[in-house]
Amino acid sequence: MNIEEYGALWEHITIRLLDIRIMTVNTSEDSNTWTFPSNAFLLITNGKGKIWLGQAMHHIKGTYILHASKGMRLDCEAKKPMEIHVLSYSSPESEKPNAERSRTYTGAESLQVSFGFEPTYPLPLIESMQLIYRQWNELQSAGRIQTKALFYQWLAEMLKQMQEQRKKRTKLDRVDQAVRYLHRHYAEPLKMEQVADMLDCSPRYLNQLFQLQLNTSPSRVLSQIRMEQALKLLVSTKGTLQEIAERVGYENGYTLSRYFKKHYGVSPEFYRKRRESSIPDVASGWNGRMLPIVEANQTRPNQEIIDLKGVQVRKSSAATLPRARTRMLTTSMGEITVPNKPSRVVVDWNLGEVLALGVTPLGAPHSLIESNQMLEPYIYDQVQDIGNHNFISLEKVLELEPDLIITWNPAAYASYARIAPTVVYGGSGNGSVAEEIREMGRILNRRTEAETWIKEYVRRVHTLQQTITGKVSAEKTFTVIDPNWGEHITLVGNTGTRGGKAAYGLLNLKPAGKVRQELLEPGLEYLDIARSAVGGYVEDYLLVLDNGPRHGLDQASGKPWQKSIETDHCRIINLDWNRYFLSDPLSAVLQAEEMAERIMAR
């Protein structure tokens with residue numbers, strides 16, 4: 001990258017700071033993954049591990065700076081906890097489709113480049129970023145101008161240090177040849193041994209060359225090429241998954257679907273459906289085991305977005321509301337002015353509570369919609385995609401011009417409040433279901449609708465409990481598991497997502513002995529156990545969250561592990577994982593009704 005040209009661009013480009021936050025990535029056997037909805041600078045402090053930014057791998061040993069372009073995927077393997085400052089920004093001039101981006105770094109689109117380096121003098125960069133973060137919560141115009149000024153000071157220091165560290169890179173002919181070969185033959189069932197043999201070297205040596213030159217492996221490059229081609233075919237053709245899989249080098253549609261979802265965070269079918277319904281192209285690189293991107297030490301149910309097409313950002317006029325149509329609302333962040341009857345609501349987590357009161361949000365995370373299909377009848381096609389609930393696209397929220405934003409995350413308040421009036425909603429922290437719904441009714445000014453819904457909720461739950469009590473013995477026990485996350489199986493408790501509230505809370509199903517002792521009594525949301533140990537936690541009924549044809553296979557042997565559990569005394573009931581992710585009051589009652597029907601049918 002030409003650092004002089006890159007630095008010169010910042011003299012002429014207009015940008016908007018979107019979000020500044022701190023997140024902590026803890027050590028984990030699984031990599032943490034997210035995808036950026038906009039350009040972002042990352043300042044890593046006290047870190048140790050590896051970060052893959054796209055196909056490039058960066059070794060982190062202390063302070064490190066990365067720039068991620070819009071739509072770039074990041075994978076992080078932390079050997080010790082990393083604290084990361086994330087500064088997101090947008091520039092309308094630089095928003096061009098990926099296929100049109102130049103590699104000459106001579107136009108506005110060169111802001112889309114990705115790079116990383118270890119600064120020689122980290123202290124001034126760290127101190128400046130910390131000052132920017134503290135200043136970010138100042139919402140007055142003078143404070144916003146000062147924040148941007150501080151950012152440019154930080155940028156100038158970073159560019160200065162990059163120039164000092166500039167080194168020439170040596171090209172390796174074998175790597176160039178291999179990449180060209182992969183581009184030409186990606187549709188074939190390639191093996192790296194075949195590519196290495198073509199280049200007259202061993203697979204191990206070829207991998208070493210790729211690591212030296214590109215900081216990645218040949219197989220990762222091949223996977224990236226295939227995913228890009230699959231995405232193009234999904235958009236430009238009506239081919240089946242099997243047909244597309246064969247055209248990009250995979251054996252079958254299932255394999256393509258698995259890799260596609262791992263790479264982009266959504267299934268090919270879901271992505272195509274959203275395209276055909278004329279909703280802007282947004283997918284995500286969500287990994288269900290990733291850490292939430294929130295303030296350090298905050299937690300939230302597994303909560304990453306890739307903008308596959310540029311959006312035209314327009315200035316929101318929603319923040320200046322006519323005085324006659326507004327009211328004052330007391331919130332955890334103080335008194336704010338909100339619309340009397342919000343009609344353009346954006347919500348980043350509590351989707352069910354909003355839908356329960358008859359309000360269809362203007363925007364919501366696609367990940368919540370896809371992973372809880374129970375809510376589809378309430379959503380229709382008018383809800384636009386604002387990304388993954390783990391990393392919202394602030395550019396998309398800005399484009400929608402909401403008149404109210406409802407968030408669970410206090411750390412996101414300053415960023416949201418720059419777009420529209422924002423309320424931090426406590427959800428289950430409000431106490432009972434009635435208190436949750438009443439609080440949402442107060443926010444949306446729908447108190448009558450809230451009381452009506454609460455009465456209907458109580459009636460439905462009472463009917464369910466009476467019905468199932470008459471069909472299933474009160475002595476029968478139930479275990480809820482999610483077997484979809486690697487070598488372990490997750491036992492589901494009654495305080496988190498994935499159907500636990502519906503089973504143990506609404507239906508009052510009796511938990512198996514060890515589930516009660518080790519999970520419910522300690523108040524845990526989940527508990528991971530070895531697949532071989534499942535039998536000890538199951539007695540009469542096993543409710544399995546089914547997320548695909550291979551969830552029932554033991555990864556070591558490839559044989560169905562359920563066969564060793566299902567007996568005359570234990571019945572297994574499969575439930576669709578994509579209908580049981582959320583646990584809000586509306587989702588929970590819908591899940592309980594379906595769950596009761598499935599249990600009584602056995």
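Just so we're clear, the structure is a prediction, and the values are computed from it rather than from any experiment.
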Query raised in the report: Where the side chain of Asn46 meets the backbone of Pro81, is there a donor-acceptor pair that is under 3.5 Å apart?
Result: no
Report task. Report the residue from Asp19, Asn409, Thr407, Asp348 that forms a side chain to side chain donor-acceptor pair (under 3.5 Å) with Tyr416. Result -> Asp348
Query raised in the report: Roughly how far apart are Leu362 CG and Leu404 CG, rounded to 0.5 Å?
Result: 11.5 Å
Query raised in the report: With no hydrogens and no angle check, is any side-chain donor or acceptor of Arg327 less than 3.5 Å from a backbone partner on Pro339?
Result: yes
Query - For Lys501, the option from Pro585, Ser587, Ser583 that meets side chain to side chain contact (heavy atoms under 4.5 Å, CB included) - result: Ser583
Report task. With sequence neighbours excluded, give me every side chain to side chain donor-acceptor pair (under 3.5 Å) pair touching residues 114-127. Result -> Ser69-Ser114, Thr120-Gln165
Query raised in the report: Is a side-chain donor-acceptor pair under 3.5 Å present for Asn340 with Asn445?
Result: yes
**Report entry** Salt bridge Arg438-Glu435, side-chain N to carboxylate O under 4.0 Å
**Finding:** no
Query - Heavy-atom closest contact (Gly116 atom, Leu66 atom, distance) - result: CA-CD2, 3.6 Å
Requested in this report: Mind running side chain to side chain contact (heavy atoms under 4.5 Å, CB included) on Leu444 and Ile406 for me, showing each step along the way?
Outcome: CA-CA 10 Å; Leu444 296 174; Ile406 301 175; 4.0 Å; yes
Query - Aromatic plane relationship, His58 with Tyr64 - under 30° parallel, 30 to 60° tilted, over 60° perpendicular - result: perpendicular
Report task. Quick one: pull up CH2 in Trp154 and CG in Leu43 and give me the separation to the nearest 0.5 Å. Result -> 6.0 Å
Query raised in the report: Looking at side-chain heavy atoms only, is the closest gap between Gln112 and Met72 below 4.5 Å?
Result: no
Requested in this report: Return yes if some donor-acceptor pair links the side-chain N/O of Asn39 with the main-chain N/O of Lys70 below 3.5 Å, else return no.
Outcome: yes
Requested in this report: Please indicate whether Lys50 has more than 12 foreign heavy atoms, meaning atoms of other residues, nucleotides or ligands, lying under 6.0 Å from its NZ.
Outcome: no
Report task. Would you mind reporting whether Pro365 and Ile392 have side-chain heavy atoms less than 4.5 Å apart? Result -> yes
Query raised in the report: More than 12 non-hydrogen atoms from neighbouring residues, nucleotides or ligands closer than 6.0 Å to CZ on Phe117, yes or no?
Result: yes
Requested in this report: State whether the side chain of His67 and the backbone N or O of Val113 hold a donor-acceptor pair below 3.5 Å, judged by distance alone.
Outcome: yes
Report task. Could you tell me whether the side chain of His85 reaches within less than 4.5 Å of the side chain of Leu42, counting heavy atoms only? Result -> no
Query - Between CG on residue Leu139 and OG1 on residue Thr147, distance to nearest 0.5 Å - result: 9.5 Å
Report summary line: Residues Ser90 and Leu18: closest non-hydrogen pair is CB-CD1, 3.8 Å
Query raised in the report: So which heavy atom on Pro342 is nearest to which on Ile443, and how close?
Result: CG-O, 4.4 Å
Requested in this report: Using only heavy-atom distances, determine whether the side chains of Gln153 and Glu157 contain a donor-acceptor pair under 3.5 Å.
Outcome: no
Query raised in the report: Crowded around Lys341 NZ? As in, over 12 foreign heavy atoms under 6.0 Å?
Result: yes
Query raised in the report: Could you go step by step and tell me if Trp408 and Asn350 meet the side chain to side chain contact (heavy atoms under 4.5 Å, CB included) rule?
Result: CA-CA 7 Å; Trp408 68 272; Asn350 298 97; 4.2 Å; yes
Query raised in the report: Under a 4.5 Å cut-off applied to non-hydrogen side-chain atoms, are Met82 and Cys76 in contact?
Result: yes
Query raised in the report: Are Lys79 and Ile60 close enough that some pair of their side-chain heavy atoms sits under 4.5 Å apart?
Result: no
Query - Counterpart residues, side-chain hydrogen bond (donor to acceptor under 3.5 Å, both in side chains), relative to Ser217 (two or more places apart) - result: Ser219
Query raised in the report: Taking all non-hydrogen atoms of both residues, which atom of Arg16 and which atom of Arg418 are closest, and how far apart?
Result: NH2-O, 3.4 Å
Query raised in the report: Is a donor on one side and an acceptor on the other found under 3.5 Å between the side chain of Tyr425 and the backbone of Glu436?
Result: yes
Requested in this report: May I ask you to test the Met129-Leu87 pair for a side-chain heavy-atom distance under 4.5 Å?
Outcome: yes
Report task. Go through Ile3 and Leu159 one step at a time and tell me if the side chain to side chain contact (heavy atoms under 4.5 Å, CB included) criterion holds. Result -> CA-CA 7 Å; Ile3 300 174; Leu159 290 170; 4.3 Å; yes
Query raised in the report: Distance from His366 atom NE2 to His389 atom NE2, nearest 0.5 Å?
Result: 9.0 Å
Query raised in the report: How about Leu355 and Pro361: do any of their side-chain heavy atoms sit closer than 4.5 Å?
Result: yes
Query raised in the report: With a 4.5 Å heavy-atom cut-off, do Ile405 and Val397 have their side chains touching?
Result: yes
Requested in this report: Calculate, to the nearest 0.5 Å, the distance between atoms CG and CZ belonging to Leu357 and Arg446 respectively.
Outcome: 7.5 Å
Query raised in the report: What pair of heavy atoms forms the shortest contact from Arg344 to Glu401, and how long is it?
Result: NE-O, 3.0 Å
Report task. Hey, could you give me the CD1/CD1 distance between Ile51 and Ile44, rounded to the nearest 0.5 Å? Result -> 3.5 Å
Requested in this report: State which residue, out of Ile386, Ile419, Val345, fulfils the side chain to side chain contact (heavy atoms under 4.5 Å, CB included) condition with Leu400.
Outcome: Ile386
**Report entry** Step-by-step side chain to side chain contact (heavy atoms under 4.5 Å, CB included) determination, Leu375 to Leu586
**Finding:** CA-CA 8 Å; Leu375 297 181; Leu586 176 57; 3.7 Å; yes
**Report entry** Gln140 atom CD: more than 12 heavy-atom contacts under 6.0 Å
**Finding:** no
Query raised in the report: Which heavy atom in Ile13 sits nearest to a heavy atom in Tyr152, and how many Å separate them?
Result: O-OH, 4.0 Å
Report task. Give me the ring orientation class for Phe115 and Phe41: parallel if the planes are under 30° apart, tilted from 30 to 60°, perpendicular past 60°. Result -> perpendicular
Report task. Classify the ring geometry between Tyr89 and Phe151 as parallel (under 30°), tilted (30 to 60°) or perpendicular (over 60°). Result -> tilted
